[in-house]
2 protein chains.
Amino acid sequence: MAQGVEERARTADRSDARVGQLPRPYLLFLGDTVEAGFAKTAFGLRDWAPELCIGEYALPSARISLGLPKLSPSEAYDRGARALVIGVANSGGFIAEAWVPALVDALEAGLDIVSGMHAKLGQIAELRYTAERLGRRLIDIRTPPANIPIATGLKRSGKRLLTVGTDCALGKKYTALSIARAFAARGVATDFRATGQTGIMISGGGIPMDAVVSDFAAGAAELLSPAAAPDHWDVIEGQGSILHPAYAGVSLALLHGSQPDVFVVCHDPSRTRLLGDEDFAVPPVEEIIDLTISLGRRTNPAIRCGGISLNTSSLSDADATSQCDAESARLGLPVADPVRGGPAFDALITDCLKA
Amino acid sequence: MAQGVEERARTADRSDARVGQLPRPYLLFLGDTVEAGFAKTAFGLRDWAPELCIGEYALPSARISLGLPKLSPSEAYDRGARALVIGVANSGGFIAEAWVPALVDALEAGLDIVSGMHAKLGQIAELRYTAERLGRRLIDIRTPPANIPIATGLKRSGKRLLTVGTDCALGKKYTALSIARAFAARGVATDFRATGQTGIMISGGGIPMDAVVSDFAAGAAELLSPAAAPDHWDVIEGQGSILHPAYAGVSLALLHGSQPDVFVVCHDPSRTRLLGDEDFAVPPVEEIIDLTISLGRRTNPAIRCGGISLNTSSLSDADATSQCDAESARLGLPVADPVRGGPAFDALITDCLKA
């Protein structure tokens, strides 16, 4: 390793600073998305940074809405928007050809474009030429910091909580943001650590874990939550699932590099098959708990499950409460939906913070 | 996903063709390496492609030897060498500044340079200028194919064997090459699938798994062992270890994408701490077996352990035999050292091939 971790951390800080300079506020672009799970960037921004979201803009073939004003790029510009954010999180992170005319319209209307996709905006010739001609910016935030070190696995000071999941796109970011907010409300020194494009857009910092070269993925996770004061908590946004056939490697690197003291399993009881991969069943919560402990104790022998975050968006209030209670009794752990909050979520927070 | 898997496979083929055009034979460069485990590229080429290896070349501070003729670059050129191969596999894959004068000497002597490091040769200005001035080639083989798809996890036809390990650099490539050779000797249609720089240099094809962006790592593994005839075997070179604090993510992506029917655990009983990470104990073989089955059955419910490849290089013949026998009795599985071969290795091969 040619440089020390501190120097790398400074590299990451520079990257974060760049993200902090994003043109704002935003028009959220939904493309041709037909399933809400594939627009989690847009939903996340709406929920966690509403003051940044002027409106939404979608192709006629889209079948979802954020409930924001539906605006054309020029209408959004007139209301103050300064960037169109691609709010889609599709499998593969590509920029669909069908979107390009709408993106060109946005540039013509005066908006910069902010993207968290794997594909780079500037690789699309029409966008590159139009942006150059008009003096607009094409901003790709899914670019990890340079010179990430290989992970050491060594224990760092401070406390860490990681959200993990039974699938993608069921609440790991939302849960981490909610827990970080609740910790802070109890006077605990806390940082939310973003690992995906939406979290980075919301918080202005972080590392896009899935864009890191495999050999350095655990090292990136170590960089993300550096050594801190003994009573400081990093609340780290999880990625994928340890049993997802495409993304488990990212999840495991994040688990080992995060060395969490506590993890919270995120689960949607209404989802029986993996999102976008119907051939696979969603695994049971217990299997995720067992595997996370078996693998995570490698870098933190004291790792424990702090509880379950249940996504009950498909249930009535009464059904949500009874399902959380039943799961809590069955698993012997706190179970709550952070969207609903209440005493169950308070109990989950208390359990996560206990020594 | 914009393109199909077949089109990606053609992309990979083009990459392989490039590797097949490497200038040969080789002078093997050992740098300033003091521990054999960090020169596994050089040892692998010596053992598996001896006809390509003219000699070895090291800095005065190095403390290892391959037992090949010690030659300067110009002596090697006079004996027919056409490329210097960087035979080092260090943590992080960097090109040390201390090596640069020796690499420049090689270019001056008429040799091209072949590297499997993460760092690119052309990023070092002195190498780039010298190569341009003299018309030499700087060849980086640790470059994955373009446009790797996201993994689907779906079952492919054909049989697959993956070598896994309790640590890095203890025989996963050697074991896979030995098993592929033994399968072929029994008349089984077999392909060795390389996942690291040395295997790619030996076999002329493959994908450098640890250089793939995390989100695509399992997809790269799917591309590496495409659908094949039902009785065809791919024998896939493993990487890292599912319990290595830096590389476990790569190992898990390779496991899921390879969907092996059979895996063989590689272990060195003389190694008690991880290579280059002394803070961590080498995990027990049984723990690796259990975790590999728990995780691997996600993409192949029929996954089973075919046996153990024991690296007995530190033992006498008699001790090696008794240790293999004792481990076999303890685990109820075939245990053999492929370097020693013999009836124990035959039994391992028979077990791997049984339906």
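The structure presented is a predicted model; accordingly, all values stated were derived computationally and were not measured. Just so it is clear: chains get the letters A, B, ... in the order the sequence lines come, proteins before strands, and each one is counted from 1.
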Heavy-atom pairs under 4.5 Å with chain A: which of B:L274, B:V213, B:V212 has the most? B:V213
Per-residue tally against chain B (heavy atom, under 4.5 Å) across A:L254, A:D279, A:D210, A:D277 peaks at A:D210
Hey, what's the ring geometry for A:F29 with A:W99, parallel, tilted or perpendicular (30° and 60° as the breaks)? perpendicular
Taking all non-hydrogen atoms of both residues, which atom of B:T195 and which atom of B:G238 are closest, and how far apart? OG1-O, 3.9 Å
Given heavy-atom pairs under 4.5 angstrom as the criterion, report whether the side chain, backbone, both or neither of A:H118 touches chain B. side chain
Regarding B:Q239 and B:S251, is there a side-chain donor-to-acceptor distance under 3.5 Å anywhere? no
Let's test your reading of the structure: which of A:G257, A:G153, A:A96 forms the most heavy-atom pairs below 4.5 Å with chain B? A:G153
Will you find, in the side chains of A:S225 and A:R160, an N or O donor that is under 3.5 Å from an N or O acceptor? yes
Top of B:A248, B:A218, B:A217, B:A221 for chain A proximity - count of heavy-atom pairs under 4.5 angstrom: B:A248
Salt-bridge present (B:D140, B:K120; N to O < 4.0 Å): no
Relative to chain B, which segment of A:I242 carries a heavy atom at a distance below 4.5 Å: side chain, backbone, both, or neither? both
Between A:A253, A:G92, A:G93, which has the largest tally of heavy atom pairs under 4.5 Å with chain B? A:G92
Between B:A281, B:G219, B:A220, which has the largest tally of heavy atom pairs under 4.5 Å with chain A? B:A281
Do B:I86 and B:L103 come within less than 4.5 Å of each other through their side chains, counting heavy atoms only? yes
Checking B:I289, B:T163, B:L255 against B:F263 for side-chain contact (heavy atoms from CB on, under 4.5 Å), the one that qualifies is B:I289
Please answer whether the main-chain N or O of A:L275 pairs with a side-chain N or O of A:D167 as donor and acceptor at a distance below 3.5 Å. yes
Can you give me the closest heavy-atom contact between A:S115 and A:I95, atom names plus distance? OG-CD1, 4.4 Å
Contact leader toward chain A among B:L243, B:D215, B:L252, B:N90, where contacts are heavy-atom pairs under 4.5 Å: B:D215
Of the non-hydrogen atoms in A:P208 and A:P144, which two are nearest, and what is the gap between them? CG-N, 3.9 Å
How far apart are the closest heavy atoms of B:Y247 and B:C168, and which atoms are they? CD1-SG, 3.5 Å
Using non-hydrogen atoms only, which part of A:E97 is less than 4.5 Å away from chain B: side chain, backbone, both, or neither? neither
Neighbours of chain A found in residues 290-300 of chain B - heavy atoms under 4.5 Å: B:L291, B:S294, B:L295, B:R297, B:R298, B:T299
